[in-house]
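Comments concern the structure below.
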Amino acid sequence: RDGERRDVDEQHGLHPEPRHQWRGDGRSDHDARRRAELEQPVRARHALVAGVEGRHVRGRSDDTAFASGTATALVSAGGRQRTWALFAADRVSLGNRVLVTLGVRVDRWWEEDGSESTTPLATNVTSSSRFPDRAETALSPRLSALVRATSSLSFSAAGYGAFRAP
C-alpha cells in the first residue's frame, strides 16, 4: 500500500488513465506471531510432528483520496484479525529412497472490530461504517512423497488443501 492505490475499475483496466489515487501510511499497529512445533521419532524410519501456530494483527490505515491531482477525501479503516492453527504430520521413510508424509492442519480465523470512515473534503461530513465480525474454521489435508533417484536427483509430488484468510 506504499505510494498509490487505484480504484477497482482501474485495476480491471476499465480506465486507461488513472482517475483516482490513494495515498496513506497503510500501517499495522500490532502484529504478533507465535509457533511451537514438536517432532518425535517413533522408530528409526518413522516420526510424528505436531504443533500450534497463532497470529494476532491489529491495524489501521489513514489515507487521502485524490481525483485529478486534488485531494478529495480522508479515509480511515481498521480492525483486528486473529488466527490459530493446530497441525500434525506422520513422516515415514520407505527404504533409503522414499519419504512419505501425511498431514492435517486445522485453522480458526476471526476478523473483528472492522470499521471505515470517510470524510469528503468538500463537505467535511464524516460517514462511518462498522463491518460485522466474521469467523471461519478450515481443515487442510496434505499428502506428499519424495523419491531420491540418485544422490544428486530427487523427485517430489504433493496433494493438499490449504486455507487462506480472506
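The cationic atom of Arg82 (NZ for Lys, CZ for Arg) lies less than 6.0 Å from the six-membered ring centre of Trp110 and within 45° of the ring axis.
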query = Does the pair Leu143 and Leu102 meet the rule for a side-chain contact (heavy atoms from CB on, under 4.5 Å), with working shown?
reply = CA-CA 5 Å; Leu143 175 63; Leu102 177 64; 4.3 Å; yes
Thr137 vs Arg108, side-chain hydrogen bond (donor to acceptor under 3.5 Å, both in side chains): CA-CA, chis, key distance, verdict = CA-CA 4 Å; Thr137 301; Arg108 178 70 177 164; 2.7 Å; yes
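Thr119 contributes atom OG1, which lies 6.5 Å from atom CG of Asn124 (distance to the nearest 0.5 angstrom). Gln81 contributes atom CD, which lies 13.5 Å from atom CZ of Arg58 (distance to the nearest 0.5 angstrom). Atom CG in Asp107 sits 7.0 Å away from atom OG1 in Thr83 (nearest 0.5 Å). The CD atom of Gln40 sits 11.0 Å away from the NE2 atom of His46 when rounded to the nearest 0.5 Å. For the atom pair CD (Glu116) and OG (Ser127), the distance works out to 8.0 Å, reported to the nearest 0.5 Å. Atom CZ of residue Arg105 and atom OH of residue Tyr160 lie 13.0 Å apart, to the nearest 0.5 angstrom.
Arg45 contributes no side-chain N or O that, together with a main-chain N or O of Leu94, makes up a donor-acceptor pair within less than 3.5 Å. Formation of a donor-acceptor pair under 3.5 Å by the Ser76 side chain with backbone atoms of Ser117 is not found in this model.
Here the side chains of Val75 and Thr118 are in contact, with some heavy-atom distance below 4.5 Å. Asp90 has its side chain within reach of Val92: a pair of non-hydrogen atoms, C-beta onward, lies under 4.5 Å apart. Taking 4.5 Å as the limit, every side-chain heavy atom of Thr101 sits out of range of all side-chain heavy atoms of Arg142.
The 12-atom threshold is exceeded at CZ of Arg35, counting heavy atoms of other residues, nucleotides or ligands nearer than 6.0 Å.
Taking the charged nitrogens against the carboxylate oxygens, Arg134 and Glu136 have no contact shorter than 4.0 Å, which rules out a salt bridge.
Scanning all heavy atoms of the two residues, the minimum distance from Val125 to Pro120 falls at O-CD, 3.2 Å. Closest heavy-atom contact between Val52 and Trp84: CG2-CE3, 4.2 Å. Considering all non-hydrogen atoms of both residues, Arg148 and Asn96 come closest at NH1-O, 3.7 Å. Taking all atoms of both residues into account, the shortest heavy-atom contact from Asp113 to Asp133 is N-OD1, 3.1 Å. When all heavy atoms are compared, the tightest approach of Ser128 to Thr126 is OG-CG2, 4.0 Å. The two residues Ser144 and Ala158 come nearest to each other via the heavy atoms CB-CB, 3.8 Å.
In summary, the side chains of Ser115 and Arg130 do not present any donor paired with an acceptor at a separation below 3.5 Å, with no hydrogens or angles considered.
By the rule that hydrophobic residues join a cluster once side-chain heavy atoms approach within less than 4.5 Å of another member, Val147 and Leu99 end up as members of separate clusters.
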